[in-house]
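None of these values were measured; they are calculated from a predicted model.
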Amino acid sequence: MCIRDRRWEWLTVAGIGLLGCLGLLGLDGPIWQWLRATSIIPAAWALSSASGGTGSPFAVWFVVGVVVYALVLPERLAWWYPALAVGSYASLLALPGSTIPAVEVIARVLLYLVIGYVMVELGRLSIKLSVEHAEAEAGRRQAEVRFRAAFATASSGMAITDLDLGIVESNRGFSDFVERPEDELRGMSWSDLIHPDDVAVFREKIESLRSYEIWSFQLELRFMQPKWNVVWGLVGASLVADAAGESTFVFMHVQDITQRIRTEQQLRRSEEHYRNLFGQSPVPTWELDCTSIGTWLQTLRDAGITDLRHHLARRPDLLRDAIEMIGVDDVNDAAVRLFDARSKADLLKGFADEMLTPDMNEAFTDLLVALWDGRDRTDARVSTRTIRNKPLEAVVHWVVPTVDDAPDLSAVVLALLDFTEYQRAQEALRLVEERLRNVVGAAPLVLFALDQYGVVTLAEGQGMAQLHITAAEMLGRSVFEMFRDSEQMIRAIRRGLSGEAFSTPVEIRGLVFDIRFTPIWESGTLVGAIAVAIDVTERKRASERLEELVRSKDEFVASVSHELRTPLTAVVGFAQELATNLADMAPE
């Protein structure tokens, strides 16, 4: 039967070939649309000449359809296309009257199938490499865009320099840091921006970088801004190589650390000032580490202890253990002298047994209770002893510093004020005052002291009885109110409180007192006056009587003198005449 009479079979073969061509529908773009349109022509041509063997028409169709399409089709379609193509070729066996040997068809089917799938794999790898290259290129461009954006907008300073440290490019952050425009910085040497004292160490680091001894470094440097302002920067530098691996640039990154450096300098100065004050302070001071105490107190809380003082009273051994937990970090020279230590080392060992008197143990208990209650300070009056067993009277002050609103138990301060000499002076003063009261209390005088406002702060002496007033009634009262009826007394008190030292007689309530005022000064400031008033009323009266007697005597003498003056004048006259002219007179 003629092939032309079996058109339905040809249509079947043509449909199979057309089905393979439809696999190209997965491609996009104008070129692939043109290929889809033209791929039907060689397929139809090959099928129409199928009975004539496997000549060039089929070869062209297979190369274009199987090889080329397998290389360019998407992977999901390319794997189907060789099978569809060779399926179209194998369908020739089904055509009646075909002259192609079955063995040849099968061999070619297998060969074309292997070649097709090899091409499919090559196409897949080619597409994969092409995609990866495109993605890498896109990633490189995107990374470059990101780097440029990050470089330009970074808040910290960045700069790219050549190997001679000439600035090639810099960002806004670096321009703001050195306070120079970006255009001015371009071409400027990096060394011109650094403080002269830091240039040498910077160049040394750069030489190590360029000689590949190091690949990068970080260095704190001072930079010179206009008007000689100095700022600090943390500089990071690393080499930038080209594609051949040759170093071409140096990338610089600068972080402004001026505030940090100034804070650290201020902290160091504060620490030095503190150490100087601590070491040179005349007040004996300890710096204690009570960190272990804080942990120990927490274990007691966890154990259900609620009253620490009562617990320590029941367990005195715990107090001794707690004292041994306290570390002595430092003591000053005043503490060494006060406790008769040979050196700081004697006190840094801890608190000696001689120091731990009952009073001192009670002071430590107060400290523990204060920490337990969350208080930051406490003090106590104690009687303790030095390392050489000398008695010592003192006031102990504990202070717990606060850091970030929390107690810092690692730096508890113990200050001890020596009251030994003060106590002795107080005792001596008490004895003097007692003797003074004994002497003054029995004497007919008044000893009183006034503050700057005229308020009586001291009153002693028997002279108060003459005024019908007691010491209790005088103390705390104003003399201006008590003696308002004595103008003389008010004037004398005002003179005494003005700082003048003087004595004056004053009549008070019919009595006469000789008062001696002495001002009281403290650190150049007038704070009052002290006065001694002696009752001279009887002496005054006796003096007045004596004056009266003298006046009476003078009057009597004047009267007698007048009565005797006349006769005596005649007698004196004759006597003078005789004395002068006696030699010229006759005996008669």
For [X] and [Y], indicate whether the former's side chain and the latter's backbone hold a donor-acceptor pair under 3.5 Å.
X	Y	answer
Thr357	Ser383	yes
Thr285	Val283	yes
Lys344	Asp330	no
Asp373	Arg375	no
Gln225	Phe177	yes
Arg301	Trp372	yes

Worksheet item: At their closest point, which heavy atom of Leu450 faces which heavy atom of Thr457, and how far apart are they?
Response: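 Scanning both residues completely, I find the closest heavy atoms to be N-OG1, 4.1 Å.
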Practice prompt. Locate the shortest heavy-atom distance separating Met224 from Arg180; write the atom from each residue and the value.
Written response: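 The pair with the smallest heavy-atom distance is O-NH1, 3.1 Å.
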Quick check for you: to the nearest 0.5 Å, what is the distance between [X] atom [atom1] and [Y] atom [atom2]?
X	Y	atom1	atom2	answer
Ile387	Arg342	CD1	CZ	8.0 Å
Met252	Phe174	CE	CZ	8.5 Å
Thr291	Leu288	OG1	CG	11.0 Å

Just wondering, do [Y] and [X] contact through their side chains at under 4.5 Å, heavy atoms?
X	Y	answer
Ile293	Leu368	yes
Glu354	Thr384	no
Ile206	Trp190	no
Leu193	Leu185	yes
Phe223	Asp198	no
Glu362	Arg309	yes
Ile326	Trp286	no
Trp521	Leu526	yes

Item to complete: Mark yes when over 12 heavy atoms from residues, nucleotides or ligands other than Glu481 sit less than 6.0 Å from its CD; otherwise mark no.
Response: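 Enclosed.
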Discussion item. Could you check whether atom CD of Gln298 has more than 12 heavy atoms from other residues, nucleotides or ligands sitting under 6.0 Å from it?
Written reply: yes
Worksheet item: With a distance cut-off below 6.0 Å to the six-membered ring centre and an angular limit of 45° from the axis, does Arg495 pair with Phe502 as a cation-pi contact?
Response: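 Yes.
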Practice prompt. Would you sort out whether Asp256 and Thr258 count as a side-chain hydrogen bond (donor to acceptor under 3.5 Å, both in side chains), showing the intermediate values?
Written response: CA-CA 6 Å; Asp256 187 358; Thr258 305; 2.7 Å; yes
Practice prompt. Determine, stepwise, if the pair Asp353 / Arg320 fulfils salt bridge (Lys or Arg N to Asp or Glu O under 4.0 Å).
Written response: CA-CA 10 Å; Asp353 292 339; Arg320 188 57 183 260; 2.5 Å; yes
Practice prompt. Evaluate side-chain contact (heavy atoms from CB on, under 4.5 Å) for Phe364 paired with Trp398, printing each intermediate quantity in order.
Written response: CA-CA 9 Å; Phe364 274 104; Trp398 310 93; 3.5 Å; yes
Item to complete: Go through Ser191 and Arg203 one step at a time and tell me if the side-chain hydrogen bond (donor to acceptor under 3.5 Å, both in side chains) criterion holds.
Response: CA-CA 8 Å; Ser191 300; Arg203 287 192 173 275; 3.0 Å; yes
